[in-house]
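The structure appears below as structure tokens.
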Amino acid sequence: MSKRRSLTEAQCVSLAQKLLRERLCHQKLPDRPLALDSQYKHLLELLRRTAVHGESNSVLIVGPRGSGKTMLLGCVLRELMSLKEAQKNVLLVELNGLLQTDDKIALKEITRQLHLENVVGDKVFGSFAENLAFLLEALKKGDKSSSRPVVFVLDEFDLFAHHKNQTLLYNLLDVSQSAQTPVAVLGLTCRLDVLELLEKRVKSRFSHRQIHLFSSLSFAQYVDAVRSQLSLPPDFPDPKFSDAWNHSSYTQSLFPLSAFTAGIFKPIHLFLSVSRVSVSHSTLHEADLLEASRLISADSKAIILHGLSILELCLIIAMKHLNDTYDGEPFNFQMVHNEFKKFIQRKSHSIHKFEKPVVMKAFEHLLQLELVRPVDSGVCKVQREYQLMRLMLEHGQVMEALQRYPQCPTDVKQWALSAFA
């Protein structure tokens with residue numbers, strides 16, 4: 001017992017953060033997903049039929065971000081791999097639409113995850129289908145009936161629908177429809193209209209099975225789930241620290257706090273809250289959760305505006321006036337410079353007159369920050385001053401940034417508020 005108490009507060013904080021990070025990042029999965037029993041059984045049965053009986057399947061798991069799609073799949077795969085028939089037989093290939101941005105990259109990743117780089121070598125294939133067929137053929141153990149089942153997990157499934165001709169989706173679903181190799185294709189997406197993105201030939205090969213994840217928890221159950229996610233386990237090495245953590249003010253205030261934030265706590269909110277814990281701030285408080293919520297909901301472009309110089313801010317205002325005057329039509333640097341000059345000559349007594357090259361440099365900085373974007377992204381032979389641009393900010397974003405800008409000159413604020421430049 002003395003060994004248990006010998007942990008310093010810094011070690012306790014570090015261990016608490018490690019445990020909660022593992023829990024929130026799905027490195028440590030729960031025993032069973034909460035309130036998803038029917039979906040769990042359905043998905044497990046589909047994958048079991050692929051792993052044990054060699055039956056090909058395709059299914060989409062649909063639900064909003066943070067609803068538990070990845071957790072559900074992780075729990076099902078853990079259960080599947082515990083089956084004796086699946087342990088040394090099933091192969092798992094995980095692709096993500098954010099990483100595998102085209103079919104060529106996806107095919108390389110499939111080859112890497114199936115450990116077939118040496119088999120492929122320097123072979124040249126005529127088509128994607130031929131390459132994929134070769135990979136699946138290489139997994140056969142001998143006779144045709146003993147092919148190894150492959151589970152393909154396509155995270156951000158809707159992004160794969162934007163690939164040219166949807167070749168990857170077509171070939172994977174085509175294999176799942178044929179009796180060549182036992183394949184399960186699992187798509188994870190937050191888009192309800194994902195089937196509308198598929199081409200006719202792809203849609204015809206999909207089984208149209210969809211598992212929807214919408215929380216059926218009551219508000220009280222939801223709060224209990226959030227509280228349990230943030231609580232330390234009973235076997236924590238320092239019981240005194242664990243007890244203080246589990247009875248800290250955030251557990252008492254979670255009910256009104258959740259009501260205030262419309263009950264939307266996603267793993268990223270909790271993760272940011274946990275990251276604020278330190279030796280001097282060793283327990284969670286409602287302020288941590290509110291700060292995490294504020295950081296996530298903050299407008300990134302408005303934050304960039306707070307770091308601009310007065311000159312750059314004036315150019316943004318000039319562009320806003322041009323947008324208002326010409327009803328959102330594109331503008332060029334020369335028009336913005338003229339607008340800025342009019343302001344300096346007529347209204348401003350607090351801003352120095354800048355040389356044109358200095359103004360051009362400020363304009364180019366806004367272009368680098370992507371607050372301004374060229375209309376024609378290709379190679380343009382027009383002089384820089386006359387290249388057409390668009391402002392990538394809404395009227396409200398500019399006005400809000402001006403209100404929060406530290407020590408913004410009154411002339412500039414009045415210019416932004418005036419209906420006519």
- Item | Within-4.5 Å side-chain heavy-atom neighbours: Val62 and Phe157 | no
- For Leu107, does its backbone N or O pair with a side-chain atom of Thr111 as donor and acceptor, under 3.5 Å? yes
- Is there a donor-acceptor contact under 3.5 Å from the side chain of Ser56 to the main chain of Gln177? no
- Message: Quick one, Met335 and Asn332 - any side-chain contact, counting heavy atoms below 4.5 Å?
- Response: yes
- What do you reckon, is CD of Glu394 surrounded by more than 12 foreign heavy atoms closer than 6.0 Å? no
- Query: Going by an N to O cut-off under 4.0 Å, is there a salt bridge joining Arg191 and Asp193?
  - Reply: yes
- Task: Check step by step if side-chain contact (heavy atoms from CB on, under 4.5 Å) holds for Leu168 and Gln100.
- Result: CA-CA 11 Å; Leu168 175 72; Gln100 283 76 48; over 6 Å; no
- Message: Does atom CZ (Arg78) have a neighbourhood of more than 12 heavy atoms from anything else shown, all under 6.0 Å?
- Response: yes
- Message: So does Val13 get a backbone contact from the side chain of Trp245, meaning a donor-acceptor N/O pair under 3.5 Å?
- Response: no
- Heavy-atom donor-acceptor pair, Asn246 side chain to Leu232 backbone, under 3.5 Å: yes
- N/O donor-acceptor pair under 3.5 Å between Lys301 side chain and Leu393 backbone: no
- Do Leu388 and Glu329 have side-chain heavy atoms sitting under 4.5 Å apart? no
- Message: Taking the side chain as everything from C-beta on, heavy atoms only, tell me whether Ile310 gets closer than 4.5 Å to Cys314.
- Response: yes
- Spatial distance of atom CD (Glu79) from atom CG (Leu77) [nearest 0.5 Å]: 11.0 Å
- Could you go step by step and tell me if Leu186 and Leu43 meet the side-chain contact (heavy atoms from CB on, under 4.5 Å) rule? CA-CA 10 Å; Leu186 307 177; Leu43 187 57; 4.1 Å; yes
- Query: Which heavy-atom pair separates His42 from Ile211 by the least distance, and what is that distance?
  - Reply: ND1-CG1, 3.8 Å
- Item | Approximate separation, where rounding is to 0.5 Å, of Glu85 CD and Leu80 CG | 9.5 Å
- Query: Once you round to the nearest 0.5 Å, how far does CE of Met389 lie from CG of Leu322?
  - Reply: 13.0 Å
- Task: State whether the side chain of Gln39 and the backbone N or O of His212 hold a donor-acceptor pair below 3.5 Å, judged by distance alone.
- Result: yes
- Message: Please evaluate residues Phe160 and Leu95 with respect to the criterion side-chain contact (heavy atoms from CB on, under 4.5 Å), reporting the C-alpha separation (whole Å), side-chain torsions for both, the decisive distance (0.1 Å), and the verdict.
- Response: CA-CA 10 Å; Phe160 287 100; Leu95 303 175; 3.8 Å; yes
- Task: Determine the minimum heavy-atom distance between Ala362 and Leu311, stating which atoms define it.
- Result: CB-CD2, 3.8 Å
- Task: Search all heavy atoms of Tyr405 against all heavy atoms of His306 and return the closest pair with its distance.
- Result: CE1-O, 3.8 Å
- Would you say Gln17's side chain and Val277's backbone share a donor-acceptor pair under 3.5 angstrom? yes
- Item | Validation row: Asp103, Asn171 side chains within 4.5 angstrom (heavy atoms) | no
- Using 4.0 Å as the upper bound for N to carboxylate O, is an ion pair formed by Arg65 and Glu156? yes
- Item | Closest non-hydrogen atom pair, Leu367 against Val372 | CD1-O, 3.3 Å
- Once you round to the nearest 0.5 Å, how far does CZ of Phe333 lie from CD of Glu385? 6.5 Å
- Is the NZ or CZ atom of Arg201 both under 6.0 Å from the centre of the six-membered ring of Tyr170 and within 45° of that ring's axis? yes
- Would you find a donor on one side and an acceptor on the other, under 3.5 Å apart, between the side chain of Asp243 and the backbone of Pro239? no
- Message: Are the side chains of Leu99 and Ile105 in contact, using a 4.5 Å heavy-atom criterion?
- Response: no
- Starting at OG of Ser231, measure out to CZ of Arg23 and round the result to the nearest 0.5 Å. 7.0 Å
- Determine the minimum heavy-atom distance between Arg390 and Phe331, stating which atoms define it. C-CZ, 4.0 Å
- Query: Between Val185 and Leu169, is any pair of side-chain heavy atoms under 4.5 Å apart?
  - Reply: no
- Query: Would you find a donor on one side and an acceptor on the other, under 3.5 Å apart, between the side chain of Gln166 and the backbone of Glu199?
  - Reply: yes
- Plane angle bin for His321 and Trp415 - parallel if under 30°, tilted between 30 and 60°, otherwise perpendicular: tilted
- Message: So does Leu98 get a backbone contact from the side chain of Asn96, meaning a donor-acceptor N/O pair under 3.5 Å?
- Response: yes
- Message: Within the supplied structure, the quantity of interest is the number of heavy atoms (other residues, nucleotides, ligands) at a distance under 6.0 Å from Arg384 CZ; does it exceed 12?
- Response: no
- Task: Please step through side-chain contact (heavy atoms from CB on, under 4.5 Å) for the pair Gln403 and Glu400, ending with a clear verdict.
- Result: CA-CA 5 Å; Gln403 297 307 315; Glu400 187 188 345; 5.8 Å; no
- Message: Are Leu172 and Leu154 packed together at the side-chain level, in the sense that at least one heavy-atom pair is separated by less than 4.5 angstrom?
- Response: yes
- Item | salt bridge (charged side-chain N to carboxylate O under 4.0 Å, His left out) between Lys41 and Asp37, worked out | CA-CA 6 Å; Lys41 287 173 185 171; Asp37 282 343; 5.8 Å; no
- Which atom pair, heavy atoms only, marks the closest approach of Leu195 to His208? CD1-ND1, 3.8 Å
- Test side-chain hydrogen bond (donor to acceptor under 3.5 Å, both in side chains) on Glu364 and Gln368 and set out the steps. CA-CA 6 Å; Glu364 284 174 349; Gln368 285 173 352; over 6 Å; no
- Nearest-0.5 Å distance, CG of residue Leu371 to CZ of residue Phe363: 11.0 Å
